[in-house]
> 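The structure under discussion is supplied below as structure tokens; questions concerning it will follow.
Given the structure is predicted, the values throughout are model-derived calculations rather than measurements. Residue numbering restarts at 1 for every chain, and letters A, B, ... go by the order of the sequence lines.
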There are 2 protein chains.
Amino acid sequence: MPKQTFLSLPEDKQNTLIQSAKKEFSRVPLHEASIANIIKDAGIPRGSFYQYFEDKEDLYYYLLNQVAQENNKKLNSILQEKKGNLFEALFEQFRYMISLRHHEEHNDFLRYAFLNMNHRKENTMANNIYKESLKNERSQTLEMVDISFLNIEDKQELSHVIRIVGAITFHNLVQVFVHDLTDEEAIYNYEAQISLIKKGLQRKEVD
Amino acid sequence: MPKQTFLSLPEDKQNTLIQSAKKEFSRVPLHEASIANIIKDAGIPRGSFYQYFEDKEDLYYYLLNQVAQENNKKLNSILQEKKGNLFEALFEQFRYMISLRHHEEHNDFLRYAFLNMNHRKENTMANNIYKESLKNERSQTLEMVDISFLNIEDKQELSHVIRIVGAITFHNLVQVFVHDLTDEEAIYNYEAQISLIKKGLQRKEVD
DNA sequence: GATTATATGTGACACCGTGTCACATGTCAA
DNA sequence: TTGACATGTGACACGGTGTCACATATAATC
């Protein structure tokens, strides 16, 4: 998290730094990005940077979290629209996520995020839904899922469902960027996989 | 891949370097590991290192690939033992993977690998099964799966099944290390999730 | 065995990025 | 005006990387 010093900064100065940071994180993946470039672009001295953030990661995950919160809002609105049907909402959200590639609003920020997806980034993107689902904490998003669509006994099992679809969704998103899939290819694969887990991977006994 | 120079080295000199590398990669995650430490421990000059490997990653993925090949052999033998039943084989393999934590043979090498799992590491660990499944290349492992256990039309769909169970398996392995789960917790979660995707996530219509 | 060519070993060095610290400047209250 | 505290600043020490000119070994040819 940014230090208080940063949050007290006039908004335009915050934005300048954020823009420069996004620019750098869109140029190269996190581990290649340099604070030197960010402050040069933003025109602030090195010492100031460390008044605002702990380090490069601190700034990066602050930005990623902002993006994640936008996505989360989107997911919530889709879930509402789909009346709690998790699978339909997932498709819609997946389509939305891969469509973001074509807007250049976030430049290659998301692209590099997915190309170098790891546990921490995934958790940030998932907005801690994983954690909340485990601890049965109230989560606006989870509350909206209508479990009557799901083949589970109780709400407890929902956390496993969330982890399953989460893992598959992230895996597919990574594939999109790694293999530069077209929207059609990406959606085809994702639908194939979600369809499989919906109906079950195990062949039913022939009675 | 190591350069020819390294492969031509007398075996004991290769091993010294490999041991030092494993030591360093067990001390800290890849991005914090330093060539300086490895060569100091192995007692070889800096210039020599670059005769043998392109860089730190080159060495790291060479080691990870060795571990992956061992795991792959293990998986093959389990698949044979389980007569091609993918799900039973997965359980067994999962148990085996988490049991590795308790041997200190690989020290914390695997631990840091999973704590910082990303696309490239996952792909290396999966031994390119993903790729092979996509391109319908012959893969010893894939050939051993008896698809008559699976709810799929043709062999083509097997690639989606592999990606699904792969994504879930890796997700669970990462959780093991991130949350320091006990063997029991880890197995319980994994079984719950595999069981769900076997029978299907979607509630069957009540006729 | 002498000579040449080719491969491998070596470590000093230039380069670059990080995080810190002593000092400068601003803010605000007494 | 003064002092106390917060914030701004950039030079610097540190540590890591990859390279390059040179040294040494190995092999091949006469």
> Within the 4.0 Å heavy-atom criterion, would you say A/T5 contacts the bases, only the backbone, or no part of the nucleic acid?
sugar-phosphate

> Between B/S20 and B/D41, do the side chains contain a donor N or O and an acceptor N or O under 3.5 Å apart?
yes

> Rounded to whole angstroms, how far apart are CZ on B/F49 and P on C/dG11?
16 Å

> Return the set of residues passing ring pair (Phe, Tyr, Trp, His ring centres under 6.0 Å) with B/F49 (not counting sequence neighbours), or none when no residue passes.
B/F53

> Please give, in whole Å, the distance from C/dC15 P to A/N37 CG?
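From A/N37 CG to C/dC15 P: 18 Å.
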
> Nearest-nucleotide wise, let me know which of B/S8 and B/G47 is further upstream toward the 5' end of DNA chain C.
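Between the two, 5'-proximity favours B/S8.
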
> Side chain of B/S34 only, please: which of D/dG16, D/dG18, D/dT9 is the nearest?
D/dG16

> Taking it one step at a time, do B/E143 and B/K155 satisfy salt bridge (Lys or Arg N to Asp or Glu O under 4.0 Å)?
CA-CA 10 Å; B/E143 289 299 331; B/K155 230 172 167 178; 3.4 Å; yes

> Nearest whole angstrom, please: distance from the P of C/dT18 to the NE2 of B/H31.
13 Å

> D/dG16 P sits how many Å from B/D41 CG, rounded?
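That distance rounds to 14 Å.
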
> A/K3 has an atom NZ; how far is it from atom P of D/dG8, in whole Å?
11 Å

> If I take atom CZ in residue B/R46 and atom P in nucleotide D/dT19, what distance separates them, rounded to the nearest angstrom?
11 Å

> With sugar-phosphate meaning primed atoms plus P, OP1 and OP2, does A/F6 contact a base, only sugar-phosphate, or nothing at under 4.0 Å between heavy atoms?
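Result for A/F6 = nothing.
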
> Find the distance A/I35:CD1 to D/dG10:C1' and express it as a whole number of Å.
15 Å

> Report the nucleotide, chosen from C/dT18, C/dG9, D/dT17, that has the shortest atom-to-atom distance to any side-chain atom of B/K13.
C/dG9

> Within this structure, what is the CD-to-P distance between B/Q51 and C/dG11, rounded to whole angstrom?
13 Å

> Check every strand shown and say whether A/S48 touches a base, only sugar-phosphate, or nothing at a heavy-atom separation below 4.0 Å.
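Counting heavy atoms under 4.0 Å across all strands, the contact made by A/S48 includes a base.
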
> Does the distance from a Lys or Arg side-chain N to an Asp or Glu carboxylate O, for A/E24 and A/K40, drop under 4.0 Å?
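Looking at A/K40 together with A/E24, the answer is no, because their closest N to O distance does not fall below 4.0 Å.
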
> Which part of the nucleic acid does B/I44 contact within heavy-atom distance under 4.0 Å: base, sugar-phosphate only, or nothing?
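B/I44: no heavy atom of the nucleic acid under 4.0 Å.
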
> So does A/E191 pair up with A/R95, basic N to acidic O under 4.0 Å?
yes

> Name the nucleic acid region contacted by A/I39, choosing base, sugar-phosphate or nothing; use a 4.0 angstrom heavy-atom cut-off, strictly under.
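Nothing, no heavy atom under 4.0 Å.
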
> For B/Y52, answer base if it contacts any base atom (sugar-phosphate contacts may also be present), sugar-phosphate if it contacts only those atoms, and nothing otherwise; contact means non-hydrogen atoms under 4.0 Å.
sugar-phosphate

